[in-house]
Amino acid sequence: MIRVPSVNATLSYWVNERGATLKSFRESPNGASATAFVGFGGFSLEITSLPSAEEFIRGNVIRYFGLSMLLDFDLRSAAAGDATGRRRAAVEEDVNGWTVKSVAAAPGDSFSRICLQVAKSGSDGKNVLSETTTFYKSIGMEVVAGDEQCVCLRFKSAETEGDGVSVNLVFELDSDTDGQLEMGNGFDHLAIITDNVSAVFDMFNGAGMEDRIFMAPTTMFGSRIVGVTDPNGYKVYLYEPKRNSTDVLLDVAYERD
């Protein structure tokens, strides 16, 4: 979930300029706040209003959003050798200043990846990238690529079981900074599917990671959900999807009246 000064302006960018589908929208009676979900296939991005009295601080958590480069071309013109087939720049900023990149992606993988920054080392001196990899593997994700600077994870099993194309979650060290995370207030949380919320809760308790649990298993919007923090301090909601749901990030249906 991202928190932004203007939901409508952010919606306009993702829907009108980047081709996302508006899945749901809810606005308060006085119009002071709104929450929307936009999607590319099985991926949902939750966009919600920042309180008007709160200054927007983007921070450096989100390195970039990666969209398939196939979305950036007029395919017929490109196939004919027309260099003007590209419709937009390979790298640009959205209305909130977050970087959006065109990246290589498989067919159907329109929203290909979210790249988040990791600290160079934790307060205990541990390798946070390694700790991050272990954390996300423990909740069912698989490493598909990586080196000393980054790791790329995804739910490969979802694809082999016919549950759609999974979004890549990338964690990357920033060699141009001191590695300190500036959380800001724009990025709020990730929400990721799990098969069994209770099993995840028991696993964290059994592994001595009780301090990572900030919300015990509960039911919200018809789905079982538990809240944990990853080694970077990022909030992660793990939820059991509703029947026939393949969303990678939480999609709660707030329908426009």
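Here the structure is a predicted model, which is why all the values come from computation and not from measurement. Only this structure's heavy atoms are used, side chains among them; waters, hydrogens and symmetry mates stay out. The residues of the chain are indexed from 1 along the displayed sequence.
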Within a radius of less than 6.0 Å around CD of E148, do more than 12 heavy atoms belonging to other residues, nucleotides or ligands occur?
no
Under the side chain to side chain contact (heavy atoms under 4.5 Å, CB included) criterion, do I225 and M215 qualify, and how do the steps go?
CA-CA 9 Å; I225 186 169; M215 187 180 77; 3.7 Å; yes
Note, W98 side chain near V4 side chain (heavy atom, < 4.5 Å)
yes
Donor-acceptor contact below 3.5 Å, side chain S12 vs main chain N8:
no
Would you say L116 and I62 make side-chain contact, with heavy atoms under 4.5 Å?
yes
Using the rule given for side chain to side chain contact (heavy atoms under 4.5 Å, CB included), can you reason through D230 versus F171, listing the C-alpha separation, both sets of side-chain angles and the distance that settles it, and then say yes or no?
CA-CA 12 Å; D230 80 355; F171 291 93; 4.0 Å; yes
Joint hydrophobic cluster, V170 plus I192, side-chain heavy atoms closer than 4.5 Å:
no
In this structure, NZ of K101 is separated from CG of L67 (nearest 0.5 Å) by 12.0 Å
Would you find a donor on one side and an acceptor on the other, under 3.5 Å apart, between the side chain of N232 and the backbone of Y234?
no
Can you find a heavy atom in the side chain of Y136 that is under 4.5 Å from one in the side chain of V151?
no
Roughly how far apart are T229 OG1 and F135 CZ, rounded to 0.5 Å?
7.0 Å
D195 CG: over 12 foreign heavy atoms closer than 6.0 Å
no
Gap between atom CG of D94 and atom CZ of R18 - 0.5 Å precision
10.0 Å
Rounded to the nearest 0.5 Å, the CG atom of L169 sits from the CZ atom of R113 at a distance of 11.5 Å
With side chains defined as the heavy atoms from C-beta onward, is the minimum distance between M1 and Y237 less than 4.5 Å?
no
Look only at the side chain of S28 and the backbone of S33, and say whether a donor-acceptor pair between them is shorter than 3.5 Å.
yes
Separation of N127 CG from L173 CG (nearest 0.5 Å)
7.5 Å
Could you label the plane-to-plane angle of the W14 and F40 rings as parallel, tilted or perpendicular, counting under 30° as parallel and over 60° as perpendicular?
perpendicular
Less than 4.5 Å apart, any side-chain heavy atom of M183 and any of V61?
yes
Go through the steps to decide whether F25 and V7 satisfy the test side chain to side chain contact (heavy atoms under 4.5 Å, CB included), and finish with yes or no.
CA-CA 10 Å; F25 181 89; V7 170; 4.3 Å; yes
Just do the side chain to side chain contact (heavy atoms under 4.5 Å, CB included) check on N205 and I213 with the steps written out, would you?
CA-CA 9 Å; N205 278 313; I213 302 169; 3.9 Å; yes
Any donor-acceptor pair under 3.5 Å from S49 side chain to A34 backbone
yes
Note, E46 side chain near H189 side chain (heavy atom, < 4.5 Å):
yes
Going from CG on N96 to CD1 on I2, what distance comes out if it is rounded to the nearest 0.5 angstrom?
6.0 Å
What pair of heavy atoms forms the shortest contact from L50 to P5, and how long is it?
CB-N, 4.3 Å
Can you check whether E240's main-chain N or O pairs, donor with acceptor, with R224's side chain at less than 3.5 Å?
no
Between Y239 and I193, is there a side-chain heavy-atom distance shorter than 4.5 Å?
yes
